[in-house]
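Written out below as structure tokens is the structure these notes cover.
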Protein chains: 2
Amino acid sequence: MLSAACKESIRAMIYITHAGGERKIIPVKDVAEKLDTSFYFLAKNVQKLVKAGLLFSYKGPKGGVKLAKKPEDIKLIDIVQAIDGLEFFETCLLGFKECSDEHPCAIHHKWADKRRAIYKMFSETSLKEIVEDMEKLCIDVIF
Amino acid sequence: MLSAACKESIRAMIYITHAGGERKIIPVKDVAEKLDTSFYFLAKNVQKLVKAGLLFSYKGPKGGVKLAKKPEDIKLIDIVQAIDGLEFFETCLLGFKECSDEHPCAIHHKWADKRRAIYKMFSETSLKEIVEDMEKLCIDVIF
DNA sequence: TATATTTAAGAATAAAGAGTCTTAATTCTT
DNA sequence: AAGAATTAAGACTCTTTATTCTTAAATATA
């Protein structure tokens, strides 16, 4: 459902929120190390997050990225939209080309419920909430 | 979430149920024509459905496929499992490697709800129900 | 100013998924 | 028995996604 790039981007955003938030600049290299992933791959996805207005970036020594908004104002759906787009929430589960609310396939309404619930969860869950929950539950923010 | 192959396979199974069910043998070529899709691609996926025990196949003139079970006994989840596998239902939404019920990530429980609801829907919805609904609602079985 | 550090951009490569084709095996019909 | 129809199997190509790398641009610091 989420691409590898999108999952990694969300994990990265969680880490950035935890480690620096809106204040401290974190080098992408550090993020890649913490996530135990490819710097190259991560850096490319981070560029999309910058273009989408979710991160500010700074070049040069002491450079890196930080949140462009308050953690409570960045929702999971924003990251999904920036990386994968919202096609998942807009197309028929079975690929019927003409399926719509007015001309539904046989599982359209059942699926619409589930999809709406997922969309709701993604648009209500903020980075702030995630990070606070993880800290509260003594869960490693990244693992 | 579902691959193109899986969506098409479900549509094909719906059509086969509608057109022949357990009784009548339908050539894959006819299915491809009705679905307005590639015979080659469909045929390859149909092979998986045969191997998974969802379809019987018959070679030669008058050959084709028919359901290997009663339409009420074939659930969407069976098709998903045959084509895509169940990985979606078994792995962390964010790709945290060690995420589990015992060691959950911050959205594990929220997501587990949604995923369970989807699984439930997929394992409760049978081909019989889908086809009957479409016929009842005067929806083209394939469109 | 020179150097080192870091992101930006895009090229290059690898892997996976999608889609096509060819040949073999089977089986109905004549 | 021969020919035609149909699935089975696997090779092949194309597209997309994932991943790596190279070069350019920006900037802090000595």
Side-chain angles (χ1 to χ4, degrees), chain A residues 1-13 16 19-20 24-68 80 82-85 87-88 91 95, chain B residues 1-13 16 19-20 24-68 80 82-85 87-88 91 95:
Chain A
M1 174 198 169
L2 301 180
S3 68
C6 191
K7 293 178 181 185
E8 186 172 288
S9 297
I10 294 175
R11 295 201 305 276
M13 289 294 276
I16 292 164
K24 194 171 156 201
I25 294 175
I26 312 288
V28 176
K29 186 159 151 264
D30 289 6
V31 180
E33 271 170 22
K34 290 291 182 183
L35 295 189
D36 188 27
T37 188
S38 152
F39 166 76
Y40 296 126
F41 187 56
L42 180 61
K44 216 171 58 153
N45 295 129
V46 161
Q47 282 181 39
K48 289 188 190 170
L49 299 170
V50 171
K51 281 183 186 157
L54 303 181
L55 291 174
F56 288 139
S57 67
Y58 304 90
K59 291 181 178 176
K62 304 263 177 91
V65 295
K66 70 178 190 186
L67 297 188
V80 172
I83 305 293
D84 283 350
E87 199 197 349
F88 172 78
T91 54
Chain B
M1 173 197 170
L2 301 180
S3 68
C6 191
K7 291 179 182 185
E8 187 172 289
S9 297
I10 294 175
R11 294 202 305 277
M13 290 293 277
I16 292 165
K24 194 172 156 201
I25 296 175
I26 312 287
V28 175
K29 185 160 151 263
D30 290 5
V31 181
E33 271 169 23
K34 289 292 183 184
L35 295 188
D36 189 25
T37 187
S38 152
F39 166 76
Y40 295 127
F41 188 55
L42 179 61
K44 216 171 56 159
N45 296 128
V46 162
Q47 282 183 39
K48 290 187 189 171
L49 299 170
V50 171
K51 282 183 186 157
L54 303 181
L55 291 175
F56 288 140
S57 68
Y58 304 89
K59 291 181 178 175
K62 304 263 177 90
V65 295
K66 69 179 190 185
L67 296 190
V80 173
I83 306 293
D84 283 350
E87 200 198 347
F88 172 78
T91 54

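Below, chain A is the first sequence line, B the second, and so on; all start at residue 1.
- Remark: side-chain polar atoms of A:N45 are not paired, donor with acceptor, to backbone N or O of A:S9 under 3.5 angstrom.
- Side-chain contact between B:L2 and B:I10: present, with at least one pair of heavy atoms (C-beta onward) separated by less than 4.5 Å.
- Computed from coordinates, the A:Q47 CD to C:dT6 P distance equals 16 Å when rounded to whole Å.
- Among the atoms of the strands shown, none is found under 4.0 Å from any heavy atom of A:K48.
- When side chains are defined from C-beta on, B:K48 does not count as touching B:L54, because their heavy atoms never get closer than 4.5 Å.
- Annotation: B:K34, atom NZ; neighbour count of heavy atoms from other residues, nucleotides and ligands within 6.0 Å does not exceed 12.
- In terms of phosphate contacts, A:S57 brings a side-chain nitrogen or oxygen within less than 4.0 Å of OP1 or OP2 of C:dA8.
- Of the residues in residues 28-36 of chain A, A:V28 come within less than 4.0 Å of DNA chain C through at least one heavy atom, sorted by number.
- With a 4.5 Å cut-off on side-chain heavy atoms, B:R11 and B:E8 count as touching.
- One interatomic measurement links the two molecules: CZ of A:F41 to P of C:dA14, which rounds to 17 Å at whole-angstrom precision.
- Distance, B:N45 CG to D:dA9 P: 14 Å, rounded to whole Å.
- With the nearest nucleotide of DNA chain C identified for both A:V65 and B:T37, A:V65 has the one nearer the 5' end.
- For the pair B:S38 and C:dT20, the criterion of a side-chain N or O lying under 4.0 Å from OP1 or OP2 is met.
- Taking 4.5 Å as the limit, every side-chain heavy atom of A:V46 sits out of range of all side-chain heavy atoms of A:V31.
- Separating the CD1 atom of B:I25 from the P atom of C:dT26 is a distance of 17 Å, rounded to the nearest angstrom.
- Distance, B:F39 CZ to D:dA8 C1': 10 Å, rounded to whole Å.
- You'll find the side chain of B:V65 stays beyond 4.5 Å of the side chain of B:I25, heavy atoms only.
- Mapping B:A43 and A:E8 onto DNA chain D by nearest heavy atom places B:A43 closer to the 5' end of the strand.
- Atoms CG (A:L42) and C1' (C:dT6) sit 14 Å apart, rounded to a whole Å.
- Inter-residue side-chain proximity for A:F39 and A:V28 is flagged as met; some heavy-atom pair is nearer than 4.5 Å.
- Here D:dT7 presents its P atom at 15 Å from NZ of B:K51, a figure rounded to the nearest Å.
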In B/S/- notation (B base, S sugar-phosphate only, - none; protein heavy atoms under 4.0 Å), nucleotides 21-29 of chain D written 5' to 3' is BB--BBBBS

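- Counting only heavy atoms from C-beta outward, the side chains of A:L55 and A:K66 never approach each other to under 4.5 Å.
- Atom pair B:L2:CG and C:dG17:P shows a separation of 14 Å (rounding to whole Å applied).
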